[in-house]
Amino acid sequence: MSNPETPAVVHITVDGVEVEAMPGEPIIEAAGRAGTFIPRFCYHPRMRAVGMCRMCLVEVSGPRGFSLQPSCYLPVTEGMQVITKSEKVKKAQVGVLEFLLVNHPLDCPVCDKGGECPLQDQTLAYGPGESRFVEEKRHWEKPIEISKLVLLDRERCIQCDRCVRFAREVAGDPFIDFAGRGDNSEVSTFPDGEFTSYFSGNTVQICPVGALTARPYRFKARPWDLEEAESTCTACSFGCRMAVQFSRGEVTRFLGIDSDVVNNSWLCDLGRFAYESLDSEKRLVEPKVRYRSEMAEVSWHDAMSRVGAHIRTFTADHGAGSIAFLGGAGFTNEGIHSFVKLAKTTIGTSLFDADLDGGVPASVVFATPRATLAEALAAKVLVVASADVREELPVLFLRLNDAVKKGLRIVEVSEVETSISALAAERLPLSAARLALALQSGGPDAERLGAAIAAAGEQGDGAVFLVGKSNIADPADVYAALAASASRRWPGAKFLFGNSRANIFGAMDLGAVPGWLPGRVATAPSDDAREIIARAADEPMLLFLLGADPLSEMPDTALVKSALENATVVLIDSFESGAAPYADVLLPLAAYGETAGTTTNFEGRVTRLGRAIVPKGQSKPDYLIAAEIGRELGRPSGPTAPEEIFAEMARELPLYRGLAYAELASNRYPDGLVVPLERKAISIGARPRRLDPIATPGLVAPYHQGPAKPFATEVGAAAAEPGAETPASPRSQLPEVSIDPAAVSVAADGRLRLLLTRRLYRPTAQLAAAPILSKLTAQAEIRVAPATLEAIGKSDGSEVKLRGDHGEEVAVVAKSDKSLPDGVVLGRLGDGANLLLLVKSGTWATHVKVGSN
Amino acid sequence: MTQTDPVPKIVTSRVGLEESWGIKTYLATGGYTALRKALTSMTPEQVADEVSKSNLLGRGGAGFEVGRKWSMLKPAPVRYLVINGDESEPATFKDHMLIENDPHQIVEGTLISAYAVGAARAFIFVRGEFALGLERLQAAVNEAYAHGAIGRNIFGSGFSVDLVVHPGAGAYICGEETALLESLEGKRGFPRIKPPYFPAVMGLYGEPTIVNNVESMSNIPWIVNNGGASFAALGVGRSTGTRIFALAGHVNRPGNYEVEMAKLSFRELVERPEYGGGMRLGRQVKAFIPGGVSAPWFGPDQLDMALSQDDVAKAGSMLGSGSIVMMDDHTCMVRAAWRITKFFWRESCGQCTPCREGSGWIEKMMQRIELGSGREADLDLLLDACDNIAPGLTWPPQQTTICVLGPSIPSSVASAIRMFRDEFLVHIKEGGCPYE
Amino acid sequence: MGAFSPDMRVRAEGLIALYPERRSALIPLCHLAQQEAGYLTRPFMEEIAELTGTTPAEVYGTASFYDMLHTEPVGKYLVGVCTNIACLLQGGGDLLEHAERALGVPAGGTTEDDMFTLEEVECVAHCDKAPAVQVNYRFFGPLTGESFDDLTAKLRAGEYDGVVPPHGTLIRVQRENGIEVPLDEVLAERREMDKAKAARKAAADAAKAKEGN
Amino acid sequence: MGVLDGLKGFKVTFKQLAEPRITTEYPKEKRPKPPRFHGRHVLNRYEDGMEKCIGCELCAGVCPVGCIYVRGKDNPIEDPVSPGERYGFVYEINFLRCIHCDLCVEACPTEAITESKLFEFSFTSREDAIYTKAELVVDDEGKARRMPWEDWHDGDDDLSSGWMRATSPSGDPDYEGVVHWSNELGYGTRAPERGQSDLPPEKASPEFMIRVVKADRIPRKAGGRVR
């Protein structure tokens, strides 16, 4: 990288104008930055150049004079001369376009891409104007389904290789490839096979013609009547930047934004197609209140009186400590802030836990130095001790896949194989508990990890850890201990945490977790979600469920059920979740795209959420619901608009000092900022930032075709606000967590330790509301070593019975998996069987017996 | 200019002998002496030097000096040698003959070359359709193995190398060296984009690789045995040594003939009784293709040109793969050009646009003209479409495509229109082919 | 589970061992699969994917690129009539027409008894015997209408069974020795060679320099 | 100044007395409408009853006043509404806004939307003014559906403003430069307009039966040309 021999910049001439270029970059980029657009189809800045479409041919000087060369492929060299506008170039462009249209059907009016089609636009700009082709075009069967989400129209395909390259190189799912030869080439899956990738939707976004279309968006709207709002995906805590496009009060699609610092324009299918559920029948749109045993639709006013009455009754009868708030990780920062204020000041309860999962707790998150994503990708070594990244933080997997190709070394700590295993240079087959114990007490396992990290630096300088909950059945303490002991052992290492719920880190920052006040200020410890649920099962409590469903998110289903039955429940959600039948008051929450505000991702990046449409029915944004409840309780009304609430946060909390709501969506910081603003961010250089990396002139929304926004470097932000203090606790405040050796005990009498994981398409109320996406809902299954199945005489894929230590029984499909270690059964949550039933609250390790009946 | 007398048979000396493909015959006729000589008494540079001195031009089609190709090999720990036996150029059948009749000579040449370039492993890529050739070549490898010519510590010289015979699966484009490497890696035969221009820099599995033709390899044992200078003494100028010309089409005796380079003219090759034996039925030459169907055509007035790489290139065509197709005056030129276009259309790999779509379009137009639905404007349209694949329609061609298959498409069409425009017009006016 | 028979599986693994990278064996393995099934059935493609570390989609995509690999069923004999330029000049087009009439199927079709699949093929490098016909990649020529009928009759009768094997292009192509020299050993040796070469070059340069002085 | 000089000033008046009266007693008496008059829209169908509209929204996109609202949808395979993959699922025109500029007709790639000659329609509610697809699509005879508040006259729906498409059906060079368009329910296949083809109309679209509807053969009463 920092080879002194390599010049920092080379000079080339484009159409007679001298242009500075970065060494090694293709001509097309250098010319583009200098304002000369060279047409292209197959070139994509995020993928290997292949020079296949020949659209970007320009004249380039060489030893034997000027010749036509693909500018997307040829790197710049000092003194290179490029001509992009000569007659020869023009003829080549006209020729290539005419060839491309030879077999391309002219069904633009029917085609979903019509209006934003690079082929259309570039034909208009560079094309021949008239076709001389009078023969029969090539014919294929019109759209074929290559997956549940993506349709392929091979007639329209121009063989640019973008989708195939994406599948192979970016996603690592080469389930599509070219088949056939010559002008009979087609993009194809294996016959009867499917393009089963979590990232298939990206191929639709990067297709330069209408060959790949998305089932959920199909024929819904035309690009010219779409409006858009920039936003951040809240399907997980990775926080992909995306554009919400909508038309006439309906959200019609999401597109990934080419953000260098977050998602490189990619989205996972769950995030990309989540809009399907917004307009669903299954949305909660009316406030409801329980009268005797029936839920009845009421006005907001009546619902609020009921909520107020509940709060007053419980405060009077059992004290404010009988009121608890669970969830909120899916809310905006403004909503969380309003609810925390409501709970902790107006009502006066400290029971608030946004993390139902029991992931890495805030005490550890705040006490360790946090890495940014850019730092993690550029690290010398990345230790991944987390749940399967592709299932929990899908787009992070894409970034890691890319980074590994560029030299990142990954060391994985996982007892089972995950998607990262293929990328990792080394895998330590250890459970989180074992590693945590080993790090606390030393031992060969710790030494092995030490050896892997030693390459980075003695103190771990240059090493980054990604720690997340890899087994849902484990208590949070395991992960707290793991991260804390790793941080003590390698003081120079930085950390990222794999808690995957959308805004969980915002919730931590804003004091929506036990033991913390807003702004990362510690306070007296209080009960966490698990303890609150346990209490609710025994004593009268008022539970506020903030977009959360403890039944599907927390272990020990039996306990959760009795808690919900016993408690008075106020449910605030957009969809009718599993907790709805237990609700006494149901308040409809505005869904994604209907609320403005901010959200915080796993590296602490605060970004803006765009509001596209008005909330459906009677539903209201989170911060307004909090304000309404506050008003019902007689609190003087505070700010009720997101920018006002954010201003209040920035005023009151040192953590947010220096942030301005408006600035977060400005050209300067389009991808938000990482809080607190003391960290030196990485300057990426002046790469133009575009919605669609093809950046064709003539796309509909001015947003697409406007001058490239220079990429903001975040260094400026820190300089602008020197006064920002660091509210985060120093390392000395790392909690001491001890691990019960039971966590690593081996069970006797043939019982196996249960390891529970989630998958991307986990059954949630929102997924169920999406008509097409819900077809992909994961089915529950367990994986066991082949010997285990043989022992009970069952074949691969048949149903077995799991028996827990407390007599619970679950029937579930079992698959045999050679890669599994002995003594472990890997349970993958999903529809069809409730594996969470088997986990008992407070146990260090869950053991089950696998039986045939 | 006459040939050296007697014309040495360098590569075809064993063709026609009984069991010429067996090691018995091979050893009896001086087989593996060159390998022994090279390994035991010469350094790799000396071998390479001899080859450079011989000025052996690659016999695959491009005619690039073998010695110079070797010298461009990037020094790297892993280097590969790949022998191109994917002969698919229409009307070329010399490699087919060599693989079937003298596989040991290829193996020996390959081993010597592997020694000269320091290859970690050598591959001979054989066109899949040559099933018999594959059988004999693999048998030859097995025999050579038993003879101690392949494997560990060959002939006690301390040099080891392994040789793998790899079957192709039927794709003309795999004759292009980078497509061949892709195919050898188990992928679709897509030619690689240049730069790097030579596999010698980045080839098989991304390592420096030398790709040579089967006939070139067959020359190596003779060069090592007799010295590069005596090879260079044959022929004229840059065109040294002997070369097999595959004569096909309307001649009395189609076949492979090894002749001294640049000493004979096309006319002599066609008419001399020991070679072509004259045109069939005593008819006149209407046109001929001098070097494979990728080459532009020549008319009867160019029959007296010498069989020299440089002379032919100067006249705007190429000797290419060394196949000469004679067409007599009863041949429909539109049909001939159409069939050649159809070949390129069927064999275009489909990677880059101009070749993929252009070949199909030109083929459709040619078919339409031949079948009687042509229009006069089609001729200009054809030429313009050709021009969009190979700007300027010059030779050697410029190209808008990734590999040279693209500019090969127009050469026959453009030649036919240039030379026989009136014949096209007759097709158009009469609404069909006048030869039927 | 495997589609390959056990001894074929052994051969397949032997083929893979010939190459530095597994994927290189993809095409030879496809030939082997055709030898067993006549064409590439889906279970075979899935097994080849597993053997070569690719996905079935990639095996299908690669195989469909090549003329000799068939992903749909074909007849016992693949009869390819060459109509490329050399054969065209000698009447290859007429021969193909004759073949279509005689076999009763158009080029690309398979006869009803699954005996012949007729193909129009590109040059098979048999131009001195034009017009040429290939049957399961064994060559015949020059052929006329009558000799073509004679050929198909004899094929039907099984008279060519020894000369024209079934679909396995590699049926009689078997390597007797595995790779004897491991690549790393070769590399070590090559490094020695390079070192010696460098030393010689240095010596030669020194000598030259001396001469110059 | 002569005696008759005073009458000079009446010259024009007297002249006018001799001229035929051109004022008509609208609405008792109505003047014929020009052949390309822009009236209320209709959505056409093919002869087999399929709708021509494919829901491409080009009409909505081009409409200068934004009075058209279209939504497309995936065509049900078992019971297709229009040929192809896509059909117009929602189609609404707000005639309170429409300025009858005919740009929608020009934009339509399938000649689905054309304008009849009906302009005498008035509504008493906004609901009536917003025509839905059911009201716009022609009936089984290919004639516009008549709403109670519309005042139709003979010939109003005989000739709709048509946009002419000229292409050569792919594959056959014989058709190059020849006008060729689809049949239209109720109208048959129309002959090319002047300038669209060098060939005489019967040759221009030889494959189809042509119900030549020439403007000057239409009775004056029904909107044919006056001269």
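All figures in this text were calculated on a predicted structure; none of them were measured in a lab. A note on names: the letters A, B, ... follow the listed sequences, proteins ahead of strands, and every chain is numbered from 1.
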**Request:** Examine whether an atom of B/R253 lies under 4.5 Å from a heavy atom of chain C, and if so say whether it belongs to the side chain, the backbone or both; otherwise answer neither.
**Result:** neither
**Complete:** Smallest heavy-atom separation, B/G249 atom then C/Q90 atom, equals O-NE2, 2.8 Å
**Item:** Closest approach of C/M193 to B/Y115 (non-hydrogen atoms, all atoms of both residues)
**Value:** CE-O, 3.6 Å
**Request:** Classify the angle between the aromatic ring planes of B/H96 and C/H126 as parallel (below 30°), tilted (30 to 60°) or perpendicular (above 60°).
**Result:** tilted
**Request:** Consider only side-chain N and O atoms of C/R172 and B/Q138, and report whether a donor and an acceptor are under 3.5 Å apart.
**Result:** no
**Request:** For residues 166-208 of chain C, pull every pair meeting ring pair (Phe, Tyr, Trp, His ring centres under 6.0 Å), keeping only residues two or more places apart or in separate chains.
**Result:** none
**Asked** Given side chains that start at C-beta, do those of B/F130 and C/Y137 come closer than 4.5 Å, heavy atoms only?
**Response** no
**Request:** Select, from C/Q174, C/Q134, C/R200, C/E192, the one with the greatest count of heavy-atom pairs under 4.5 Å involving chain B.
**Result:** C/R200
**Item:** Minimum heavy-atom distance B/A336-C/L88, with the two atoms named
**Value:** CA-CD2, 4.1 Å
**Prompt:** How about C/E189 and B/S160: does a side-chain donor come under 3.5 Å of a side-chain acceptor?
**Reply:** yes
**Contact origin within B/L134 toward chain C - heavy atom pairs under 4.5 Å** = both
**Request:** Using modelled atom types only, decide if a donor and an acceptor are shared between the side chain of C/N177 and the backbone of B/G151 within a distance under 3.5 Å.
**Result:** no
**Request:** Answer yes or no: is there a donor N or O on one side and an acceptor on the other, between the side chain of B/H250 and the main chain of C/L89, under 3.5 Å?
**Result:** yes
**Message:** Out of B/A120, B/P75, B/G255, B/S88, return the one with the most heavy atom pairs under 4.5 angstrom to chain C.
**Reply:** B/A120
**Request:** Salt-bridge test for C/E122 and B/R339: reply yes if a basic N is under 4.0 Å from a carboxylate O, no otherwise.
**Result:** yes
**Asked** Got a donor-acceptor contact below 3.5 angstrom from the C/R191 side chain to the B/P77 backbone?
**Response** no
**Item:** chain B contacts, top residue of C/L187, C/T83, C/L69 (heavy-atom pairs, under 4.5 Å)
**Value:** C/T83
**Prompt:** C/V181 versus B/V161: any side-chain heavy-atom pair under 4.5 Å?
**Reply:** no
**Message:** Tell me which of these, C/A188, C/G168, C/G61, C/A63, has more heavy-atom pairs under 4.5 Å with chain B than the rest.
**Reply:** C/G61
**Asked** Top residue by heavy-atom pair count (under 4.5 Å) with chain C, among B/S412, B/P167, B/P44?
**Response** B/P167
**Request:** Please look at C/Q34 and chain B and tell me whether the side chain, the backbone, both or neither of the residue comes under 4.5 angstrom of a heavy atom of that chain.
**Result:** neither
**Request:** Side-chain contact test, heavy atoms from C-beta onward, threshold under 4.5 Å: evaluate it for B/V141 versus C/E176 and give yes or no.
**Result:** no
**Item:** For chain B, the option from C/N136, C/V173, C/N84 that forms the most heavy-atom pairs under 4.5 Å
**Value:** C/N84
**Message:** Can you give me the closest heavy-atom contact between C/M68 and B/G170, atom names plus distance?
**Reply:** SD-N, 3.8 Å
**Request:** Sort B/V325 into side chain, backbone, both or neither according to what part of it lies under 4.5 angstrom from a heavy atom of chain C.
**Result:** side chain
**Item:** Salt-bridge contact B/E185-C/R23 (side-chain N to carboxylate O under 4.0 Å)
**Value:** no
**Message:** Report which part of C/T54 has an atom under 4.5 Å of a heavy atom belonging to chain B: side chain, backbone, both, or neither.
**Reply:** neither
**Message:** As a quick check of understanding, evaluate side chain to side chain contact (heavy atoms under 4.5 Å, CB included) for C/R175 and B/V164, giving each step before the final call.
**Reply:** CA-CA 9 Å; C/R175 196 172 161 115; B/V164 175; 4.3 Å; yes
**Asked** Among B/A246, B/A248, B/A169, B/C332, which residue forms the greatest number of heavy-atom pairs with chain C at distances under 4.5 Å?
**Response** B/A169
**Fill in**
Note: vs chain B, highest number of non-hydrogen pairs under 4.5 angstrom among C/D67, C/V186, C/V59 is C/D67
**Message:** I'd like to verify something: which residue of B/L204, B/L132, B/I150 has the highest number of heavy-atom pairs under 4.5 Å with chain C?
**Reply:** B/L132
**Request:** Would you check, one step at a time, whether the test side chain to side chain contact (heavy atoms under 4.5 Å, CB included) holds for C/K129 with B/F93?
**Result:** CA-CA 10 Å; C/K129 303 193 180 56; B/F93 45 104; over 6 Å; no
**Asked** Roughly how far apart are C/L26 CG and B/L184 CG, rounded to 0.5 Å?
**Response** 12.0 Å
**chain B contact via C/L183 - which portion, at a heavy-atom distance below 4.5 Å** = both
**Salt-bridge present (B/E45, C/K201; N to O < 4.0 Å)** = no
**Request:** Would you mind checking which part of B/E347 comes under 4.5 Å of any heavy atom in chain C, side chain (CB onward), backbone (N, CA, C, O), both or neither?
**Result:** side chain
**Message:** Between C/L170 and chain B, with a heavy-atom cut-off of 4.5 Å, which part of the residue counts as in contact: side chain, backbone, both or neither?
**Reply:** side chain
**Request:** Output, in order, the C-alpha distance, side-chain angles, deciding distance and verdict of side chain to side chain contact (heavy atoms under 4.5 Å, CB included) for C/F65 and B/F190.
**Result:** CA-CA 10 Å; C/F65 184 85; B/F190 278 175; 3.8 Å; yes
**Request:** Output yes when C/R138 and B/E135 qualify as a salt bridge under the 4.0 Å nitrogen-oxygen rule, no when they do not.
**Result:** yes
**Prompt:** Taking C-beta and beyond as the side chain, do B/H166 and C/P28 meet within less than 4.5 Å on heavy atoms?
**Reply:** yes
**Asked** When rounded to the nearest 0.5 angstrom, what distance separates CD1 in C/I85 from NZ in B/K342?
**Response** 12.5 Å
**Asked** Is a side-chain donor or acceptor of C/E21 paired with a backbone partner of B/Y205 at a separation under 3.5 angstrom?
**Response** no
**Request:** Identify whether the distance between the nearest side-chain nitrogen and carboxylate oxygen of B/R79 and C/D194 falls below 4.0 Å.
**Result:** yes
**Request:** Hey, could you give me the CG/SG distance between B/N256 and C/C127, rounded to the nearest 0.5 Å?
**Result:** 9.0 Å
**Request:** Report yes if the side chains of B/F343 and C/C123 come closer than 4.5 Å at any heavy-atom pair, otherwise no.
**Result:** no
**Asked** Got C/P182 and B/R152 here, is their nearest side-chain heavy-atom distance under 4.5 Å?
**Response** yes
**Asked** Is the shortest heavy-atom distance from the side chain of C/P20 to the side chain of B/Y80 under 4.5 Å?
**Response** yes
**Item:** Largest heavy-atom contact set with chain C, pairs under 4.5 Å, which of B/R280, B/E89, B/E87
**Value:** B/R280
**Asked** Are B/S183 and C/I27 close enough, and set up right, to give a side chain to side chain contact (heavy atoms under 4.5 Å, CB included), and what steps lead you there?
**Response** CA-CA 8 Å; B/S183 183; C/I27 289 165; 3.6 Å; yes
